[in-house]
Colleague: 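Sharing a structure here in structure tokens format.
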Amino acid sequence: MEKTIVTSALPYINATPHLGNFVGSVLPADIYANYLRMKGEDVIFICGSDMHGTPIEVRAIKEKVNTEELAESLHKKAKELFQKFNCNFTYYGDTNSDQNMEITYQIFDALDKNGYIKEVQKELPYCNSDGIFLADRFIEGKCPVCGYEAARGDQCDKCSSLLEPKMLIEPHCTICGKKEIVFKKTTNLALDLKKLQPQIEAFFEKNAKANWSKNAVNEAQKYFNEGLKYRDISRNTKWGFSIPKKGFEDQVFYVWFDAPIGYIGITKEWDDLKWKEYWLSPDTRIIQFMGKDNIVFHTIIFPGMLIGSGLGYTLPKTIKSYEFLNWEGKKFSKSRHIGMDMEEALNIVQDPDYWRFALVLSAPENSDTDFTETGFVEAVNKIMNGKIGNLCQRVFTLINANKRMFDAKATPDPEISSRLDALVNEYTSYFDKLELREALRVVIEMSDLGNSLMSEKEPWLLAKAANYDNKAAAEFSVIMNALLKVAYTVSILMYPFIPNSSLRILKYFGINRAPVFADISSRPELDPTLEPKPIFEKLTDAQISKFRNFS
RNA sequence: AGCGAGGUAGGGUAGCCUGGAGUGCCCGCCGGGCUCAUAACCCGGAGAUCGGUGGUCCAAAUCCACCCCUCGCUACCA
């Protein structure tokens, strides 16, 4: 059986992930993995915390704590949050594991042996006070172009000129604020992407039609057109995996070298034997979800690393990149207090399904989108609650109130059944094209079908007439069986998106496990002992005003 | 600056690749219906010079050129 690995871009845990991070990577990956499980496929869903990198090291210096302990605590918190959001990972690990180090070293050695690792001479800013080399963003000074005081080492935020740290006038270190900066010569290691370009391009040509996002295809094409260059993989800092090469032991891998390898390392951490069945099999299909800021790493660098290693790792098949979610028309920004993070969200509304549902409806699949208070309230109160929840409730209560005349064995209205089948097909075809938002739209459309049939057929009139009219009783059963089937199908199809709520409805049908596609064809039977209770609640004014206070 | 993505009723989206009457969906608004259901649901209506200008074509939201606006990337943020 073909195996599938679904991955989500590894969240960088320096800050609590916000709703924009979630909507473009972990959430769609989780939904898609749930869908494949429902189809009965052999799928693993791999994600984990991206632990290394300068921002965490700098934060540890600023907070005067141990870097590894800080990263570990941030990782635990992130993991817990994703679990609270009901993300059904096969395994959520992190990039700082022994397993990841082992594979990182293995791939590095192979790349080195195959001649894809080069030495490059550099002159880098060094803070004498903190005793560390400074990444471009941690050195600030006066912009040589416009004179702006707080220009960073890579770019001036005022005039957006691209800069080099050496160009800054009177530079200072943003960690300690002192001006004790010197430039030191050093030798770094770099990955020779230029040499790998033909092979990476061949990989791209072969796979880019496999449902890649338009943005991902074009962005990768841009890099090829410009010509690939060297890309640094070692840095003169302490936090990370040290370089296993003579003369470079004092340096660590640049975070984005071991982060994508983390997909493999985390799988190995999950299962020390089975990971090979997935990552070393030509039959494995790898589908990667990420925000648009991550495209280059997944379309160029990671495949390049795997190809160059020559170790036979399976290459990604599909790259699904998302645009960005904005918050009330503005960019999410932790430092400027714009937008809500995942923890804050749960403090307002506890049930993650409410967020999952609303976020998918606003998912930036084709262009940047906005997450707004009105959009959230509409999605939860009007659509999820008013359409889907209410349909189940009205069907269940109407049958429940007329148990005696309801024949559960009556054949459902065939016309309704065929319309239902068509919608199920539409749903799967959207999912197979990775258009998750549209797949959810189909679920909503299905509940619309149920609600309008209810109004059109007026089965409550049949129920009343059934007391003295056998024909009406028969007709009531035919229609209500069809409507029951609609509610049942809706509750199965919503499972990938809002699993908790789906399971809550399925209990009424006596199903106490995750649904599978095969369930759709079986006849739903309503448990007569259960009193129908609304599946969803509307957002309260208190919740809405709490939400508003974030805007 | 270069490259990529986007701009469609009041808001949000689909349609664009492969041209065929502004075609669809969700919300809001206006009117009606229904009383099974959670003040819910259903039906109907109004509302758009499809970012702008020019071009190709019998025909352009769709193809081409230029321009404007938003976002991303540009290799040490990840």
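Order of the sequence lines fixes the chain letters, A, B, ..., with proteins taken first and strands second; residue numbering starts at 1 for each chain.
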Colleague: Report yes or no: is the cationic atom of Lys118(A) (NZ for Lys, CZ for Arg) closer than 6.0 Å to the six-membered ring centre of Tyr230(A), at no more than 45° off its axis?
Modeller: no
Colleague: Taking the same atom, P, in C63(B) and in C34(B), what whole-Å distance lies between them?
Modeller: 48 Å
Colleague: Ile139(A) CD1 to C76(B) C1': how many Å, rounded?
Modeller: 12 Å
Colleague: Tell me what Phe396(A) touches on the nucleic acid: a base, only sugar-phosphate, or nothing, going by heavy atoms under 4.0 Å.
Modeller: nothing
Colleague: Just call it for Asn451(A): base, sugar-phosphate, or nothing, with non-hydrogen atoms closer than 4.0 Å on any strand.
Modeller: sugar-phosphate
Colleague: Can you tell me how the ring of Phe497(A) sits relative to the ring of Tyr427(A), calling it parallel under 30°, perpendicular over 60° and tilted otherwise?
Modeller: perpendicular
Colleague: Let me know the distance between CZ of Phe536(A) and P of C41(B), rounded to the nearest Å.
Modeller: 13 Å
Colleague: Assuming nearest nucleotide by heavy-atom distance, tell me which of Ser367(A) and Asn385(A) is located more 5' along RNA chain B.
Modeller: Ser367(A)
Colleague: What integer distance in Å separates Ile295(A):CD1 from A75(B):P?
Modeller: 16 Å
Colleague: Within the structure shown, what part of the strands sits under 4.0 Å from Thr374(A) by heavy-atom distance: base, sugar-phosphate, or nothing?
Modeller: nothing
Colleague: Please state whether the phosphate of A78(B), meaning OP1 or OP2, lies under 4.0 angstrom from any side-chain nitrogen or oxygen of Asn294(A).
Modeller: no
Colleague: Can you tell me which nucleotide in A5(B), U38(B), C27(B) comes closest to the side chain of Glu378(A)?
Modeller: C27(B)
Colleague: By nearest atom, which of the nucleotides U38(B), C71(B), C73(B) is closest to the Asp293(A) side chain?
Modeller: C73(B)
Colleague: Looking only at heavy atoms, what is the nearest atom pair of Ser477(A) and Met405(A), with distance?
Modeller: OG-O, 3.4 Å
Colleague: Taking the minimum atom-to-atom distance to the side chain of Arg235(A), which one of C76(B), C41(B), C34(B) wins?
Modeller: C76(B)
Colleague: Give one of base, sugar-phosphate or nothing for Gly386(A), where a contact means two heavy atoms less than 4.0 Å apart.
Modeller: sugar-phosphate
Colleague: Under 4.0 angstrom, heavy atoms only, what part of the nucleic acid is Asp368(A) near: base, sugar-phosphate, or nothing?
Modeller: sugar-phosphate
Colleague: Between C76(B) and G4(B), how far apart are the two P atoms, rounded to whole Å?
Modeller: 22 Å
Colleague: Rounding to an integer number of angstrom, what distance separates G51(B) and G7(B) when you compare their C1' atoms?
Modeller: 6 Å
Colleague: Under 4.0 angstrom, heavy atoms only, what part of the nucleic acid is Gly291(A) near: base, sugar-phosphate, or nothing?
Modeller: nothing
Colleague: Name the orientation class of the two ring planes belonging to Tyr263(A) and His298(A) (parallel below 30°, tilted from 30 to 60°, perpendicular beyond 60°).
Modeller: tilted
Colleague: Without decimals, in angstroms, what is the distance between Glu219(A) CD and G6(B) P?
Modeller: 13 Å
Colleague: Within the structure shown, what part of the strands sits under 4.0 Å from Gly450(A) by heavy-atom distance: base, sugar-phosphate, or nothing?
Modeller: nothing
Colleague: Would you indicate what Phe297(A) reaches in the nucleic acid, counting non-hydrogen atoms under 4.0 angstrom: base, sugar-phosphate, or nothing?
Modeller: base
Colleague: For the residue pair Trp239(A) and His52(A), categorise the inter-ring angle as parallel (less than 30°), tilted (30 to 60°) or perpendicular (more than 60°).
Modeller: perpendicular
Colleague: What's Lys194(A) touching, base or sugar-phosphate or nothing? Going by heavy atoms closer than 4.0 Å.
Modeller: nothing
Colleague: Rounded to whole angstrom, note down the C1' distance from C50(B) over to G15(B).
Modeller: 11 Å
Colleague: What does Lys387(A) touch in the nucleic acid at a heavy-atom separation under 4.0 angstrom: a base, only the sugar-phosphate, or nothing?
Modeller: sugar-phosphate
Colleague: Do Gln121(A) and Thr187(A) pair up side chain to side chain, a donor and an acceptor below 3.5 Å, judged on atom types alone?
Modeller: yes
Colleague: Phe133(A) near the nucleic acid: base, sugar-phosphate alone, or nothing, with a heavy-atom cut-off under 4.0 Å?
Modeller: nothing
Colleague: Which one, C71(B), U74(B), C76(B), comes nearest to the side chain of Asn188(A)?
Modeller: C76(B)
Colleague: OP1, OP2 of A14(B) versus side-chain N and O of Arg437(A): anything below 4.0 Å?
Modeller: yes
Colleague: Nearest to the Thr54(A) side chain among C42(B), C36(B), A78(B), which nucleotide is it?
Modeller: A78(B)
Colleague: Cation-pi check, Lys507(A) to Phe509(A): give yes when NZ or CZ is under 6.0 Å from the six-membered ring centre and within 45° of the ring axis, no otherwise.
Modeller: no
Colleague: Gln221(A) CD to G4(B) C1': how many Å, rounded?
Modeller: 11 Å
Colleague: C71(B), A78(B), C26(B): which one has an atom nearest the side-chain heavy atoms of Phe324(A)?
Modeller: C71(B)
Colleague: Measure up the Tyr508(A) and Phe396(A) rings against each other and bin them: parallel (under 30°), tilted (30 to 60°), perpendicular (over 60°).
Modeller: tilted
Colleague: Distance between the C1' atoms of C67(B) and G19(B), in whole angstroms?
Modeller: 24 Å
Colleague: Per the atom types in the model, does the base of C73(B) pair as donor or acceptor with the side chain of Lys292(A) at under 3.5 Å?
Modeller: no
Colleague: For the side chain of Ser452(A), counting heavy atoms from C-beta on, which of A78(B), C41(B), C43(B) is nearest?
Modeller: C43(B)
Colleague: Write down the distance between NE2 (His52(A)) and P (C77(B)), rounded to a whole number of angstrom.
Modeller: 18 Å
Colleague: Counting heavy atoms from C-beta on, name the nucleotide in A78(B), C27(B), C71(B) closest to the side chain of Lys382(A).
Modeller: C27(B)
Colleague: Contact class for Lys222(A) vs. all strands (heavy atom < 4.0 Å): base, sugar-phosphate, or nothing?
Modeller: base
Colleague: Can you tell me how the ring of Trp355(A) sits relative to the ring of Phe371(A), calling it parallel under 30°, perpendicular over 60° and tilted otherwise?
Modeller: tilted
Colleague: Nearest of A5(B), U35(B), A78(B) to any side-chain atom of Trp460(A)?
Modeller: U35(B)
Colleague: Roughly how far apart, to the nearest Å, are G11(B) and C29(B) at atom P?
Modeller: 15 Å
Colleague: Specify the separation, in whole Å, of atom CD1 of Ile535(A) and atom C1' of C41(B).
Modeller: 17 Å
Colleague: What pairs of donor and acceptor atoms, side-chain ones from residues 378-386 of chain A against any protein atom, are under 3.5 angstrom apart with sequence neighbours left out?
Modeller:
unit_1, atom_1, unit_2, atom_2, d
Asn381(A), OD1, Leu539(A), N, 2.8

Colleague: Just how far, in rounded Å, is C1' of C25(B) from CE of Met446(A)?
Modeller: 16 Å
Colleague: When rounded to the nearest Å, what value does the distance between P atoms of G2(B) and G20(B) take?
Modeller: 33 Å
Colleague: Here's a test of your reading of the structure: between Leu453(A) and Asp50(A), which maps to the more 5' nucleotide of RNA chain B?
Modeller: Leu453(A)
Colleague: Counting any heavy atom closer than 4.0 Å, what does Asp448(A) reach on the DNA or RNA strands: base, sugar-phosphate only, or nothing?
Modeller: sugar-phosphate
Colleague: Quick one: stems for RNA chain B, with Watson-Crick or G-U pairs under 3.5 Å, at least three in a row?
Modeller: B:1-7 with B:68-74, B:10-14 with B:23-27, B:29-33 with B:41-45, B:51-55 with B:63-67
Colleague: With sequence neighbours left out, write down each residue that passes side-chain hydrogen bond (donor to acceptor under 3.5 Å, both in side chains) with Glu456(A), or none if nothing qualifies.
Modeller: none
Colleague: I'd like the P distance from A9(B) over to U56(B), given in whole Å.
Modeller: 28 Å
Colleague: If you apply the rule salt bridge (charged side-chain N to carboxylate O under 4.0 Å, His left out), what do you find for Glu63(A) with Arg59(A), and how did you get there?
Modeller: CA-CA 6 Å; Glu63(A) 296 178 9; Arg59(A) 182 170 159 181; 2.9 Å; yes
Colleague: Could you please name the option among C76(B), C41(B), C36(B) that lies closest to any side-chain atom of Asn390(A)?
Modeller: C41(B)
